[in-house]
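First comes the structure, then the notes that go with it.
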Amino acid sequence: IPALLGLAVALASLLPTAGARRSQDLHCGACRALVDELEWEIAQVDPRKTIQMGSFRINPDGSQSVVEVPYARSEAHLTELLERVCEKMKEYGEKVDPSTHRKSYVRVISHDGTKMDLSGVKFDGDVTSSLKFACESIAEEYEDELIEFLSHEAENVKDRLCSKRT
């Protein structure tokens, strides 16, 4: 009986770790998918499209402090994208690495309609709803950082945000 009790305690101590790793895999995967989707959406905007920013009040000298900035990376556009980008998580599935048992999340529907290799990809409502919820949590909690990184075309946004911040 002491041996069984010891085994039960050992197994019980492993359960939170496995659950935490699954949660970490989901959180990390959602973050990476979120950044991928935002970068793809930004790339789809015509680079010539601009938006006026600044104050629309007239200064005492009759001038205005208005500047035109590229729309794709403007705060207005990025805020709009953050409100709807997590809907794209329904286009993702879960893939488990056979050697490490770590989960990653991959697109199951390509942006351009090309055929995708979906071998070993789990695609169901539980996966997409979990991924969407994690995405929404990240988008809400790290909205300022996402806008900051993406508005300035920062390098390695996925690594800087998903590996170091979140």
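Residue indices begin at 1 and follow the sequence shown.
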Derivation of the side-chain contact (heavy atoms from CB on, under 4.5 Å) call for F149 and R160: CA-CA 9 Å; F149 286 145; R160 290 173 64 191; 3.1 Å; yes
Any donor-acceptor pair under 3.5 Å from T128 side chain to G125 backbone: yes
Test item: R73 side-chain N/O and L150 main-chain N/O as donor-acceptor pair under 3.5 Å: yes
Side-chain touch [X]/[Y], heavy atoms, less than 4.5 angstrom:
| X | Y | value |
| --- | --- | --- |
| V106 | V121 | yes |
| D36 | K158 | yes |
| E136 | E141 | no |
| L161 | N156 | no |
| E37 | R107 | yes |
| L26 | K103 | no |
| E39 | V157 | yes |
| D97 | S104 | no |

Q44, CD: over 12 other non-hydrogen atoms inside 6.0 angstrom: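 More than 12 within 6.0 Å, yes.
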List the atom of [X], the atom of [Y], and the distance in Å for their closest heavy-atom pair.
| X | Y | value |
| --- | --- | --- |
| C162 | V35 | SG-CG2, 4.1 Å |
| A139 | L82 | CB-CD2, 4.1 Å |
| G93 | F123 | CA-CD1, 4.1 Å |
| L78 | I147 | CD1-O, 3.8 Å |
| L131 | G29 | CD1-C, 4.3 Å |

D124 vs V127, side-chain contact (heavy atoms from CB on, under 4.5 Å): CA-CA, chis, key distance, verdict: CA-CA 6 Å; D124 64 26; V127 168; 3.3 Å; yes
Test log, rule side-chain contact (heavy atoms from CB on, under 4.5 Å), inputs E80 and S74: CA-CA 10 Å; E80 177 189 313; S74 68; over 6 Å; no
Please round to the nearest 0.5 Å and tell me the distance separating atom [atom1] of [X] and atom [atom2] of [Y].
| X | Y | atom1 | atom2 | answer |
| --- | --- | --- | --- | --- |
| I138 | L146 | CD1 | CG | 8.5 Å |
| H101 | D25 | NE2 | CG | 12.0 Å |
| K88 | L81 | NZ | CG | 10.0 Å |
| C28 | Y105 | SG | OH | 10.0 Å |
| E87 | K90 | CD | NZ | 5.5 Å |

C135 and C31 SG atoms under 2.5 angstrom apart: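 Disulfide absent: SG-SG distance not under 2.5 Å.
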Parallel, tilted or perpendicular: rings of H77 and Y71 (30°, 60°):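 The arrangement is tilted - the two ring planes meet at 30° to 60°.
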